[in-house]
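Values below: all heavy atoms of this structure, side chains included; hydrogens, waters and symmetry mates excluded.
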Amino acid sequence: MRFRTAVKDPLDIVYMFWAISAGIASGAKMYPLALGGSIIVGLVIIWLSKRKVKEQAYLLIVRHTEEAADQLRVELRKLNSKLKSKTVRKGFTELTVEVMMHDDNTAFVQTISELKGVNDVSLINYTGDYAQ
């Protein structure tokens with residue numbers, strides 16, 4: 001099977017194959033199999049969708065001077081983060097860090113912005129899509 005667009009959620013593939021198998025079973029006049037299989041797969045999908053982790057990715061962009069580097073490193077270690085980009089220019093450094101969060105607790109942004117030597121901090125919800 002060939003997909004023309006990227007499948008973003010693995011559960012979407014389950015829906016597609018469920019529809020194909022139910023359609024084939026119905027086309028072969030195996031209605032009890034199509035109905036029974038649909039009920040079982042439907043219950044499994046409901047169970048799996050409730051168990052999904054609602055973790056979201058954010059991009060944290062911090063522009064700082066050299067005097068904030070050590071304190072910033074300490075604060076970033078407290079987060080579930082991954083360095084994506086580091087730009088060094090005369091007088092300042094800009095870090096782009098991916099932060100994974102389960103909830104919308106963004107108090108750490110205020111803590112980082114109050115560090116001496118931090119010029120500005122931005123937190124952006126990142127879905128991984130590049131489409132506009």
Between atom [atom1] of [X] and atom [atom2] of [Y], what is the distance when rounded to the nearest 0.5 Å?
{"X": "Leu72", "Y": "Thr111", "atom1": "CG", "atom2": "OG1", "result": "11.5 Å"}
{"X": "Phe108", "Y": "Ser113", "atom1": "CZ", "atom2": "OG", "result": "11.0 Å"}
{"X": "Leu35", "Y": "Tyr31", "atom1": "CG", "atom2": "OH", "result": "12.0 Å"}
{"X": "Leu59", "Y": "Leu123", "atom1": "CG", "atom2": "CG", "result": "8.5 Å"}
{"X": "Thr106", "Y": "Met101", "atom1": "OG1", "atom2": "CE", "result": "6.5 Å"}
{"X": "Ile24", "Y": "Phe17", "atom1": "CD1", "atom2": "CZ", "result": "10.0 Å"}

query: Tyr15 versus Ile45: any side-chain heavy-atom pair under 4.5 Å?
result: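 Tyr15 reaches Ile45 side chain to side chain.
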Leu43 side chain near Trp47 side chain, heavy-atom distance below 4.5 Å: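 Side chain of Leu43 against side chain of Trp47, heavy atoms only: no contact under 4.5 Å found.
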Using distance only, find each side-chain donor-acceptor pair of residues 83-99 under 3.5 Å and give its atom names and separation, not counting sequence neighbours.
none

query: Going only through I, L, V, M, F, W and Y residues with side-chain contacts under 4.5 Å, is there a path from Tyr58 to Met100?
result: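 Unlinked, Tyr58 and Met100 end up in two clusters.
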task: Can you tell me which residue pairs pass the salt bridge (Lys or Arg N to Asp or Glu O under 4.0 Å) test with a partner in residues 63-73, sequence neighbours excluded?
output: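 Listed once each, the pairs are Asp70-Arg73.
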message: My understanding is that only residues two or more places apart in sequence, or in another chain, count here; which of them pass side chain to side chain donor-acceptor pair (under 3.5 Å) with Lys78?
response: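 Only Glu75 meet the side chain to side chain donor-acceptor pair (under 3.5 Å) criterion with Lys78.
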field: Under 3.5 Å donor-acceptor, Ser21 side chain and Trp18 backbone
entry: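 Here the side-chain-to-backbone pair exists.
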- request: Walk me through it: do Asp120 and Val62 pass the test side chain to side chain contact (heavy atoms under 4.5 Å, CB included)?
  value: CA-CA 6 Å; Asp120 54 60; Val62 183; over 6 Å; no
